[in-house]
Amino acid sequence: MLDIIFYIFAALTILSAILVPVSRNPVNGAMFMIVSFVSTACLYVLLNAYFLAVLQILVYAGAIIVLFLFIIMLLNVEQVKTLRPSFFSQIAGLLALCILSLGVGSLFLSGSANPSPELAVSAGSGIARNFGYMLFTKYMLPFQVSGFMLLVSMIGVILLSKKINVEVPSRKEQGDA
Amino acid sequence: MDWTYIFFTVLKAVIMVTIFMSIAGYTVVAERKVASWIQERPGPNRTTLPIILAIPVIGRIVTRLGLIQLPADGGKFLFKEDPFPGHVNKVYFILAPIVALIPALTTMTVLPFGEITRDGVTVPLVLANLDVGMLFILAFSSLGVYGIILAGWASNSKYPFLGGIRASAQVISYELAMGMSLLPVFMWAGGTLNLFDLVEAQSGLLFGCLPKWMIFFQPVSALLFLTALFAETNRLPFDMPESETDLVAGFNTEYGAFKFGLFFVGEYAHVTMGSALFVVLFLGGWSLWPLNIFGLVDYPAGILGAVLSALVFMLKTFCLIFFFLWIRWTLPRFRYDQIMNLGWKRLLPIAIANFVVYAIAMAVYIRFFNQA
């Protein structure tokens, strides 16, 4: 019974994840992304990780994709021209494919991708209090570092999207100020 | 898994959906009646059937109260011609009303609405007693915005689009203040996110007369949550997405017949759910005040207690639904910039300050007074 549910949601996750970059309409892509995130959350539920599942929906499906949709709709990208990728991006894509297939191949050959024995469900992993306690004691450093990385990327985005039209103040104004 | 277990689970879910949807439906009628009382007019009082009029006294009363209005409206929505404008995106146009209704029905799975005592053990009446119940509700109610945003976009015309964009911006802004306002509540209740534990923590008396409801311990949180709830359910004075004076009918301008009906019922389902949630969080759920001053603390064991607790819970919820309707016909609508100012510049800072103050107060209390 649980196995069947797992296979259904696993298939749904992968299928909708594939459909995200493939679909022509960006709104379709965003919707498939939601389906993918929600079915990932269902997989977490099957692992008894309710807290993680709820956070997955709250953060990704509830907040991030709304912003995606917002941008797509405001920019109104109705008819997307089929862009021919430039020479450099073709080379980069080929390189990425090579590295990825190398990685996946080595995983299969080394045998570490074989199914591992079932892990014991850690007691009370669903309770927010335990989660928070671990986050602020044992995993304090990774927590802080990831927060700092988010801050850095946020500053980067602000810097990139900001229009820089700094008017150079003339000498006289500087003198007045 | 046992098939009888599955059968009874599904049966319970169907019963709950039926009751919940009829309450949501009759909220529509209640809205029209409350509006008419406030505006001193009779309201819906003629819709009836010959069979019902034939019942001597009750038939007249039922007709006067407008109770037949709901099936009549439902039938009208079902059998009307379903207009389908030529310029819409068909898939999302059909999907949007469904998406708008589903979150309200999903969130009620974790809502406890009563308790039953069997063999000395008290368990909640709830479909799924989740440890992270509150987060579950926040997560799924945040999915409700997709219905509005998709309706606005799929309609492919000016006013629905503006309504959809406004609605989503508003919902995202107030979600933050809502989540922040709830943090001190759950800290006060001992760090649990389970709604049943929260209700249990609110039973009992303070100084022997006042109930131990959260609204007395956390008045600022209650006010913030209620305000955010109005904004999240798109109710007046925050009903920007469908402000008819400047947007025709907002995101559902292009909708008619049953699809419009789904949006309509979805809104009232959200109102019902929000009222029930406020009762659970701040008004002690089914804890019976003021009767528990006189020693009537626990409900009787068995089915009787379960029914009584559910009835008390429903009564409190109805009071709050009435409050929602009352506000709608009392306050004028805000301007859009006022709503955004209120959300980001007032509610959010107050919510954060509230959280910090309570966190410091609780830390000081635990450190110096209660060495637990």
Side-chain angles (χ1 to χ4, degrees), chain A residues 1-5 23-35 37-38 40-42 44-45 48-79 121 123-133 136, chain B residues 1-3 5-6 89 91-92 95-96 99 102-103 106-107 110 128-150 152-156 160-162 164-173 175-176 179 183 186-187 189-194 197:
Chain A
M1 184 77 189
L2 279 180
D3 280 350
I4 299 170
I5 299 176
S23 50
R24 296 252 160 142
N25 190 338
V27 173
N28 284 348
M31 296 319 277
F32 283 126
M33 215 175 201
I34 299 172
V35 176
F37 284 149
V38 172
T40 314
C42 295
Y44 290 149
V45 168
N48 283 335
Y50 296 109
F51 189 69
L52 201 59
V54 168
L55 280 192
Q56 166 92 3
I57 291 179
L58 190 67
V59 174
Y60 287 100
I64 290 182
I65 305 291
V66 173
L67 294 182
F68 276 23
L69 275 182
F70 230 68
I71 303 296
I72 293 168
M73 288 173 184
L74 281 182
L75 293 181
N76 207 13
V77 270
E78 277 286 302
Q79 264 74 45
V121 175
S125 62
I127 300 170
R129 178 197 277 261
N130 299 357
F131 203 80
Y133 189 76
F136 281 103
Chain B
M1 245 184 241
D2 200 7
W3 284 109
Y5 172 76
I6 294 176
N89 184 327
V91 179
Y92 291 122
L95 193 65
V99 174
I102 285 175
T106 315
T107 47
V110 295
N129 192 15
L130 222 58
D131 271 334
V132 287
M134 190 58 227
L135 278 180
F136 182 88
I137 290 180
L138 285 180
F140 275 90
S141 59
S142 72
L143 293 184
V145 68
Y146 286 112
I148 296 171
I149 204 172
L150 281 180
W153 181 76
S155 294
N156 205 7
F161 185 67
L162 283 174
I165 291 288
R166 277 187 181 186
S168 30
Q170 175 182 325
V171 169
I172 294 169
S173 320
E175 235 167 45
L176 217 55
L183 284 176
F186 286 95
M187 275 162 48
T192 173
L193 285 169
N194 186 315
D197 294 347

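Keep in mind it's a predicted model, so treat the numbers as computed, not measured. Letters A, B, ... mirror the listed sequences (proteins, then strands); counts begin at 1.
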Could you list the donor-acceptor pairs under 3.5 angstrom formed by side chains in residues 132-144 of chain B, with sequence neighbours left out?
residue  : atom : partner  : partner atom : Å
B/Ser141 : OG   : B/Ile137 : O            : 2.9
B/Ser141 : OG   : B/Leu138 : O            : 3.2
B/Ser142 : OG   : B/Ala139 : O            : 2.5

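Interatomic distance, B/Leu150 CG to A/Met31 CE, rounded to the nearest 0.5 Å: 4.0 Å.
Surrounding OH of A/Tyr60 are at most 12 heavy atoms belonging to other residues, nucleotides or ligands under 6.0 Å away.
Only the side chain of B/Ile172 comes within contact range of chain A, with at least one heavy atom under 4.5 Å from a heavy atom of that chain. Both the backbone and the side chain of A/Val27 have a heavy atom closer than 4.5 Å to some heavy atom of chain B. With a 4.5 angstrom heavy-atom cutoff, B/Phe186 does not touch chain A via any of its atoms.
With sequence neighbours excluded, the residues forming a side-chain contact (heavy atoms from CB on, under 4.5 Å) with A/Phe68 are A/Met33, A/Ile64, A/Ile65, listed by chain and number.
Ranked by heavy-atom pairs under 4.5 Å with chain A, the first of B/Val91, B/Val145, B/Ile165 is B/Ile165.
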